[in-house]
Visitor: 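Next up is a structure, given as structure tokens.
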Amino acid sequence: MTSGKRVAVGMSGGIDSTVTAYLLKEKGYDIIGLTMKIWDGSMACDPVRSGCYGPGEASDIEDAKKAAAGLGIEHFVVDLCAEYDSVVLDYFSAEYTDGRTPNPCVVCNSRVKFGSLIEKARTSGIPFDLFATGHYARVRRDAALGRYTLLRGTDKSKDQSYFLYRLSQDQLSQVLFPLGEFSKQDVKALALEAGFGEYLEKRESQDFLEFTDYTPLLKETPRAGNIVDTAGKIIGKHRGVAFYTIGQRRALGLAGLKEPYYVIRIDAAGNEIVAGPKEELMSRGLVAENVNWLVPFPEWPDGVIHAKIRSTAPPAQCVADLRDDGSLALCFKEPQESITPGQSVVLYRGELVLGGGIITGSSR
RNA sequence: UGGGGUGUCGUCAAGCGGUAAGACACAGGCCUUUGGAGCCUGCAUUCGGAGGUUCGAAUCCUCCCGCCCCAG
């Protein structure tokens, strides 16, 4: 039943994608491995951790090659430096400059990993029918809706559906997420079974950057300005709007306060940062634009809706309203902390991902 | 040199006779395929110095020392 289908597995050199390839091979698919190259080495930096973007990519590609060799499958490296630069890095810089906090993973997934990577591989003569990754999420063909749907990973602690809500029907139609029904425990056991025990030693989580100072990525030089309180009183200085995010507590340099102050608003136009105590961070409502529906709004199944305001937030109950201009307005049952423009809000009906958008503002 | 003020953790800063808040910074840990995000823990046996009064002082008194302001 799987015979004849050729599956390209996006291999990062980590345990998840390696086990993904192993599982699909065991199932009888014809497998090849693909690894993206996005680091062109032109930028000087000081790598201090594992991440997607940085000089450590070379050894990750080596690990992917080794894994592919170990599985006895063909492996290809696809150079996407130019695409990554114009899609992810430009976006990253522009968002910060405008006082928003970018989420590179969301953009990278929908446009590079599940976009350019697939296209470029095919156009460079690497044919395949399906594309698989090691994401903890599930894809289903829903007969009633007549659509492909995205579901949360079974292991809720590892669920990565949040990062995938921007995928299109076309993308979902050719995607496999074999790890969606496994737990991290299962995957580790499978890695051992497959003879990739040494991959367990690799650091689990990946940051976006291998370095912490992202100044070199900013196309516009940050300008220092004032930090004010909600009454408008100047209480400190900031190094440039691009270095702050909503809810940030550290590195504000505000002394002499009775309680910690957090960034509660960023005014890029006025080059000003508003800081205040924790309760000022709470908001009940938000507006999101640039919405992508996996289930069109009118077809939503009945029931309670939950939304995630950031990747690490638990889904929170809310009521959604689609406005005439296509933007999405949400009202939460309980106030949410640090609703951050630029971050994605993703809507769920139980396990089902309904869609999501980019937050543009919040209201109390 | 008169007059006034002040001296508490690297920094800002509570305390006002009852046995050193808090914030920033720093260090370590946790979380995490976004975030200089968040969370947790640690961080002054000691309050410019020396005496004194008290059962008991950072808190009161005395004398030094250092800053700050006003006068000249």
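All values below come from the heavy atoms of this structure, side chains included, with hydrogens, waters and symmetry mates left out. Proteins get letters first, then strands, A, B, ... in listed order; numbering begins at 1 in each.
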Visitor: For B:rC60, give the paired nucleotide (Watson-Crick: N1-N3 plus N6-O4 or O6-N4; G-U: N1-O2 and O6-N3; both under 3.5 Å), or none.
Guide: B:rG52
Visitor: Let's see if you can work this out: which of B:rC39, B:rG35, B:rA37 has an atom nearest to the side-chain heavy atoms of A:Y262?
Guide: B:rC39
Visitor: Hunt down the Watson-Crick or G-U wobble partner of B:rG7, both distances under 3.5 Å, from any strand shown, or write none.
Guide: B:rC65
Visitor: Using a heavy-atom cut-off of 4.0 Å across all strands, would you classify A:F211 as base, sugar-phosphate, or nothing?
Guide: nothing
Visitor: Look at all strands and tell whether A:R100 reaches a base, only sugar-phosphate, or nothing, counting heavy atoms closer than 4.0 Å.
Guide: nothing
Visitor: Give A:R250 one of three labels, base, sugar-phosphate or nothing, depending on what nucleic acid heavy atoms sit under 4.0 Å from its own.
Guide: sugar-phosphate
Visitor: Remember a base hit wins even if backbone is also touched, and classify A:Y261 as base, sugar-phosphate or nothing at under 4.0 Å, heavy atoms.
Guide: nothing
Visitor: Could you please name the partner base of B:rA21, counting Watson-Crick and G-U wobble pairs only when both distances are under 3.5 Å?
Guide: none
Visitor: Quick one: sort the A:F92 and A:Y96 rings into parallel, tilted or perpendicular, breaks at 30° and 60°.
Guide: perpendicular
Visitor: Counting any heavy atom closer than 4.0 Å, what does A:Q343 reach on the DNA or RNA strands: base, sugar-phosphate only, or nothing?
Guide: base
Visitor: Which listed nucleotide (B:rU34, B:rG35, B:rA23) is nearest to the side chain of A:P260?
Guide: B:rA23
Visitor: Is the charged tip of A:R122 near the ring of A:F128: under 6.0 Å from the six-membered ring centre and within 45° of its axis?
Guide: yes
Visitor: Using both distances under 3.5 Å as the test, list the Watson-Crick or G-U wobble partner of B:rG42, or none.
Guide: B:rC26
Visitor: For A:T340, which contact category applies under a 4.0 Å heavy-atom criterion: base, sugar-phosphate, or nothing?
Guide: base
Visitor: Going by purine N1 to pyrimidine N3 plus the second Watson-Crick contact, or the G-U wobble pair, all under 3.5 Å, which nucleotide sits opposite B:rU1?
Guide: B:rA71
Visitor: Tell me whether the count of non-hydrogen atoms from other residues, nucleotides or ligands lying under 6.0 Å of CZ in A:R141 goes above 12.
Guide: yes
Visitor: For A:E193, enumerate each residue passing the side-chain hydrogen bond (donor to acceptor under 3.5 Å, both in side chains) test, keeping only those at least two apart in sequence or located in another chain.
Guide: A:Y22
Visitor: So with a 6.0 Å cut-off around CZ of A:R349, is the heavy-atom count from everything else above 12?
Guide: yes
Visitor: Over all strands shown, is A:F243 touching base, sugar-phosphate only, or nothing at heavy-atom distances under 4.0 angstrom?
Guide: base
Visitor: Does anything in residues 108-121 of chain A form a salt bridge (charged side-chain N to carboxylate O under 4.0 Å, His left out)? List the pairs, not counting sequence neighbours.
Guide: A:E83-A:K120
Visitor: Grab the N/O contacts between the protein and nucleotides 8-15 of chain B below 3.5 Å, and write none if there aren't any.
Guide:
from	atom 1	to	atom 2	distance (Å)
B:rC12	O2	A:G256	N	3.0

Visitor: Between A:Y214 and B:rU34, does any side-chain N or O lie under 4.0 Å from OP1 or OP2?
Guide: no
Visitor: Centre-to-centre under 6.0 Å for A:Y214 and A:F243, is that the case here?
Guide: yes
Visitor: It should be established whether A:R249 places a side-chain nitrogen or oxygen under 4.0 Å from OP1 or OP2 of nucleotide B:rC24.
Guide: yes
Visitor: Is there, by distance only and without an angle test, a donor paired with an acceptor across the side chain of A:S311 and the base of B:rU34 below 3.5 Å?
Guide: yes
Visitor: In terms of side-chain heavy atoms of A:P104, which of B:rG38, B:rU34, B:rG35 is nearest?
Guide: B:rU34
